[in-house]
Amino acid sequence: MTPQLEPTKLSEQLFPVYKRWNITFQEASGSLITGGDGKEYIDLMAGIGVTNLGHCHPAVTKAVEQQLYKGWHGSNFFQYEGQANTAELLTKHSCGDLVVFVNSGTEANEAAIKLARKHTGRQKIISFVQSFHGRTFGSMAATGQDSIHQGFGPMLEGFEYIPYNDVNALEKAVDDDTAAVILEVVQGEGGIIPGEEAFLQAVEKAVKRAGALLICDEIQTGLGRTGAFFAHQHYGLQPDLITTAKGLGNGFPTGGVIGKAFLKDAFGPGSHGSTFGGNPLAMAAAEATLSTLIEEKWIDAVASKGDALLAELKETLQPLAVVKDIRGKGLMIGIELTEPVADYIVALQDKGVLAIGAGPNVIRLLPALTIEWELLMKGVNALKEVLS
Ligand SMILES: Cc1ncc(COP(=O)(O)O)c(C=O)c1O
C-alpha cells in the first residue's frame, strides 16, 4: 500500500485545513485531469460533485467568456437578466417559485435557516445524525457530526439532531416549536446513506402536521446527480425550501435557495443579502449549465448509467474481503470498506483514478454525469486491483 504522501511545497503558506494530495491540478477537460507532472487521471469525483457536465464544458466556458467582456459585477441594486433566466430554470424544474442567489452551499443553508426562523417565528431546527450542511455557524450547527463542531463552541442554540431513517425519533422530535427540518435525501459526506422512501415521506408529513417548513439540502444530490433534477422528486416530496450550489455553476462558485411563494414576505428588503450572490459571471455559468443539462437531456441518462455502474461494482467488488457494502442512487455511489479508505484513495491515484472518501470507511464516486462508460469501467478495474 502506498503511504499517504506529504503535502507539496505549494501548500506551505496555506492553513492546513485540507489534507492535500501530492497532485497539482494543472488542467482538466471532460472527465480527465492532468497533474503537474503530466500524469492523466480519470476523474470519478468531479470536484466533489461539482463539474457535473465535465471540466471546461464548451457551452459554460463560452457563456462565462462572453460575460467576462460585458462586465463582472454591478451589485444587487441592478436587475440582471442572468439571475432572472437562472431563477426561471430553477423554478420551472422544481416546486419552488422564488430564488435568492448566494455563493456556496453553506451560504444557501444559512439563508434557508434564517428564512425558516423568520417565517415561522420559531427557533428549533431539526437535522439528522451524520448530516452535513456546511462550515459556517448556522450550517455547522445544523450538521449532525461532533467532529465538525469540535473546538468551535458554543454552537448556535436551537438545533437538534435525530437518527436518520428513524420514523419514531422523527415523530417525537417534530413539534409545534419546530421551525424546520433540514434533510439530505441521500446523506453525502456522512457516507452515502440513501433515505428510505417511508422515512422521507414521514419527514414531510411530520413537518406539515407541525406547521414547520421542510428544507431539502440538495447541494450534493441536486441538479441531476441522482437521476432526477432534485433527489426529493423521486419520492414526490414538495419541500418549502430547496438549497442548491455545487453543480449549479459547473465549477463557477454559486448557489441559491429556491422557496415557495408564500415565504416571500419573510425575505423582504433588507432581510438578507450578499455582495456577490448572483454575480453576472456566476449567473452566466449557471444559466449555461442548467440549459445544457436540460437541453442535452443529461439527467435522463443518469438513472440507467448509475444502475449499470452499481451492478458492475457489486459484481466486481462485493466478493472482495475488504468490501462491506456498495450503495447509492444515480451517479452518487459509496463503497463501504471494513477499514479506513485513505490509503486506498492514494493507491487509486497511483493507478490514475481519482475518488474521494465520505466518512472514514466509504469510497465515494461522484463522476460527471457526462462521463464515458469506458472511463467508468477503467475506474472499476482500478478499484478491483486496489481493493483485492
Ligand atoms: C449536502 C451538503 N450541504 C452543504 C454543503 C456545503 O457546501 P459548500 O462547501 O459549498 O459550502 C455540502 C458540501 O459538501 C454538502 O454536501
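Every number for a ligand or one of its atoms is a count from 1 in the order of the listing. Just the heavy atoms: all of them, side chains too, but no hydrogens, waters or symmetry mates, feed the values below.
Only the side chain of Glu184 comes within 4.0 Å of ligand 1, counting heavy atoms alone; its backbone N, CA, C and O stay farther away.
Hydrophobic clustering, with ILVMFWY side chains joined whenever heavy atoms are under 4.5 angstrom apart, keeps Ile193 apart from Phe132.
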N/O donor to acceptor pairs below 3.5 angstrom from side-chain atoms of residues 371-388, sequence neighbours left out:
residue	atom	partner	partner atom	Å
Glu385	OE1	Lys351	NZ	3.2
Ser388	OG	Lys384	O	2.5

Per-pair distances, 0.1 Å, donor-acceptor, side chain in residues 45-52, under 3.5 Å, sequence neighbours excluded:
residue	atom	partner	partner atom	Å
Thr51	OG1	Ala46	O	3.4
Asn52	OD1	Arg225	NH2	2.9

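In summary, the aromatic rings of Phe152 and Phe137 are positioned with their centroids too far apart to meet the 6.0 Å limit.
Ligand-side atoms of ligand 1 in range of Gly105: 7 (O), 8 (P), 10 (O), 11 (O), range being under 4.0 angstrom from any heavy atom. Listed by number with element, the atoms of ligand 1 under 4.0 Å from a non-hydrogen atom of Phe132 are 1 (C), 2 (C), 3 (N), 5 (C), 6 (C), 12 (C), 13 (C), 14 (O), 15 (C). In the vicinity of Asn109, heavy-atom distances shorter than 4.0 Å reach the ligand 1 atoms 3 (N), 4 (C).
Between the CD atom of Glu296 and the CG atom of Leu369 there is a distance of 11.5 Å, given to the nearest 0.5 Å.
There is no protein heavy atom less than 4.0 angstrom from atom 9 (O) of ligand 1.
In this structure, His272 and Phe267 have parallel ring planes: the angle between them is below the 30° cut-off, well short of the 60° mark.
Counting only heavy atoms of the protein, atom 11 (O) of ligand 1 lies nearest to Thr106 N, 2.8 Å. The nearest heavy-atom contact from the protein to atom 3 (N) of ligand 1 is Asp217 OD2, 2.7 Å. Looking only at protein heavy atoms, the nearest one to atom 16 (O) of ligand 1 is Gln220 NE2, 2.8 Å.
Arg135 does not count as a contact of ligand 1, since none of its heavy atoms falls under 4.0 Å from the ligand.
Note on Arg364 versus Glu189: salt bridge recorded, some NZ/NE/NH1/NH2 to OD/OE distance being below 4.0 Å.
When only interatomic distances are considered, the shortest N/O to N/O separation between Lys246 and ligand 1 falls below 3.5 Å.
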